[in-house]
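Atoms within a ligand are numbered from 1 in the order they appear, just like the ligands themselves.
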Amino acid sequence: MMTKNKWNVVIIGGGLAGLTAALHLANFNCLVCLIEKNEYPNHKVCGEYVSNEVLPYLKSLGVNPFSVGAKEISKFKITDSVGKPITATLPLGGFGISRFAFDQLLYETIKNKVYVVFDTVEKINFEKNQFEISTQKKGVFKADFVVGAFGKRSNIDSFLNRKFMRQNSPWLAVKAHYDYDFSEDTVALHNFSGGYCGLSKTENDVVNACYLTTFKSFKKYGKIAEFQKQEMSKNPFLNEFFSKAKPLFKKPLTISQISFQKKNPVENHIFMVGDSAGLIHPLCGNGMAMAIKSAQIFSEIFLKSFQKNNFNRALIEAEYIKSWKNEFESRLKTGRLIQRVLMNPSTSKVGFAMAKVVPSIVPMIIKKTHGNTTP
Ligand SMILES: Cc1cc2nc3c(=O)[nH]c(=O)nc-3n(C[C@H](O)[C@H](O)[C@H](O)COP(=O)(O)OP(=O)(O)OC[C@H]3O[C@@H](n4cnc5c(N)ncnc54)[C@H](O)[C@@H]3O)c2cc1C
């Protein structure tokens with residue numbers, strides 16, 4: 001394996017976006033180093049429902065989520081805060097897989113092709129058309145190009161002084177796995193005052209429950225168990241779930257300061273992929289597909305120059321920004337709109353009433369937040 005000097009591309013962050021970009025680039029003989037702060041496998045706060053829009057692309061990279069038992073999901077059920085349900089068939093469908101298994105599957109696929117370093121990146125400097133990436137323990141890495149795949153919130157965002165880090169976010173999220181009788185072909189989204197909770201099955205037959213809520217709503221109760229029992233359980237579906245489901249984690253995972261603010265797809269010459277470029281509201285259920293798709297977009301653009309050995313940084317950056325915006329800008333906008341409608345009790349009531357009368361609205365909205373399947 002190569003030493004730390006010097007790489008065509010250093011990828012910072014080995015979640016879905018970073019792992020996919022690493023695999024795609026390495027398949028075309030690019031010298032790639034991926035730096036990830038945590039060892040695999042590990043659990044992440046995530047709804048764990050992946051849209052099928054990225055399945056053909058994953059398969060083209062030699063990654064098959066069903067080889068580790070992912071569940072096929074074709075139905076969607078949404079309830080309002082008093083538990084009135086609407087069901088729909090998902091236009092593209094998707095699959096249920098834990099991040100524990102999905103990230104590990106990708107890591108196993110790349111580990112003999114890509115130089116993976118387990119360490120935390122602290123600084124990235126760009127000078128004389130060259131990057132120097134400083135890590136906590138393993139020194140400095142040099143690269144021609146850097147991909148930022150460090151997720152929704154990282155120390156690197158502070159280092160780069162990114163705008164969204166200067167504003168507090170009201171959102172927090174909680175996730176845990178449970179033993180519970182639940183249809184494996186369904187992803188459910190249950191509203192409650194101040195948030196919504198997704199339920200779906202993963203490869204190992206457990207139910208993942210992941211919810212997003214405002215700090216304001218949560219702080220009335222202060223404790224997760226109290227919040228689930230007293231606030232969330234006003235929705236009868238969640239009441240049934242939390243009273244019968246057997247928790248499989250010692251305690252749920254939590255994250256806070258989740259920002260849905262706009263971000264730039266390129267900053268300080270770093271190509272941002274996945275949540276580093278922008279996070280869609282989780283109720284749209286396709287942040288992971290967007291992370292994978294943005295890795296594909298970057299890789300395809302970069303490889304055109306790599307294969308000709310002719311790099312014009314400004315042109316590559318401009319092409320990536322344009323393609324990223326074309327693919328994601330309107331989805332993010334629709335996601336923000338749906339979030340606003342669902343989180344406001346009166347607009348949410350109207351929305352649910354409309355969807356009851358015209359059920360085709362639901363798949364139509366889902367389509368607007370998702371892309372097409374591309375190989
Ligand atoms: C509550 C909630 C529910 C969601 N539910 C769904 C869902 O059901 N379906 C869906 O498709 N999407 C969902 N999403 C969105 C989805 O989780 C993200 O879009 C997806 O994880 C993005 O992948 P990523 O690779 O960009 O980031 P991540 O998976 O977060 O990976 C970033 C990686 O960077 C590493 N890192 C960070 N800083 C450094 C550093 N300085 N040095 C080294 N490594 C670093 C981290 O350790 C991490 O492994 C949800 C999001 C939330 C908040």
Would you mind listing which atoms of ligand 1 come within a distance below 4.0 Å of any non-hydrogen atom of [X]?
X      : value
Gly151 : 27 (O), 30 (O), 32 (C)
Ile35  : 43 (C), 44 (N)
Gly15  : 25 (O), 29 (O), 31 (O), 33 (C), 49 (O)
Glu48  : 7 (C), 8 (O)
Lys152 : 53 (C)
Gly274 : 26 (O)
Asn38  : 47 (O)
Thr120 : 41 (N), 42 (N)

Does [X] reach ligand 1 with a nitrogen or oxygen that is under 3.5 Å from one of the ligand's nitrogen or oxygen atoms?
X      : answer
Leu16  : yes
Val121 : yes
Ile12  : no
Gly287 : yes
Ser154 : yes
Asp103 : no
Tyr211 : no
Met288 : yes

Please find the pair of heavy atoms, one from [X] and one from [Y], that lie closest to each other, and give the distance.
X      : Y      : value
Pro265 : Tyr320 : O-CE2, 3.5 Å
Ala143 : Val10  : CB-CG2, 3.6 Å
Pro65  : Leu105 : CA-CD2, 3.9 Å

Report the part of [X] (side chain from C-beta onward, or backbone N, CA, C, O) that has a heavy atom under 4.0 Å from ligand 1; answer both or neither where that applies.
X      : answer
Ala17  : both
Asn155 : side chain
Lys175 : neither
Asp119 : backbone
Ser51  : neither
Asn286 : backbone
Glu122 : neither

Ring centers of [X], [Y] separated by less than 6.0 Å:
X      : Y      : result
Phe126 : Phe145 : no
His281 : Phe260 : yes
Trp7   : Phe131 : no

Distance-only polar pair, side chains of [X] and [Y], donor-acceptor under 3.5 Å:
X      : Y      : answer
His24  : Gln296 : no
Lys113 : Asn27  : yes
Glu48  : His43  : no
Asp119 : Thr135 : yes

**Asked** Which residues satisfy the side-chain contact (heavy atoms from CB on, under 4.5 Å) test with Gln130, sequence neighbours excluded?
**Response** Lys6, Lys142, Asp144
**Prompt:** For ligand 1, is Ile156 a contact, meaning one of its heavy atoms is under 4.0 Å away?
**Reply:** yes
**Message:** Measuring from non-hydrogen atoms of Gly198 to any atom of ligand 1, is the shortest distance under 4.0 Å?
**Reply:** no
**Asked** Hey, what else clusters with Val207 if you join Ile, Leu, Val, Met, Phe, Trp, Tyr whenever side-chain heavy atoms sit under 4.5 Å?
**Response** Leu172, Val174, Tyr178, Tyr180, Phe182, Phe192, Leu199, Tyr211, Phe215, Phe218, Tyr221, Ile224, Phe227, Met232, Leu238, Phe241, Phe242
**Asked** Between Asn235 (side chain) and Asn191 (backbone), is there a donor-acceptor pair under 3.5 Å?
**Response** yes
**Prompt:** Would Lys44 and Asp103 pass as an ion pair if we require N to O under 4.0 Å?
**Reply:** yes
**Message:** For atom 52 (C) of ligand 1, which of the options Cys284, Ala173, Pro282, Gly278 provides the nearest non-hydrogen atom?
**Reply:** Pro282
**Prompt:** Should Ile321 and Val147 be counted in the same cluster of Ile, Leu, Val, Met, Phe, Trp and Tyr side chains packed under 4.5 Å apart?
**Reply:** yes
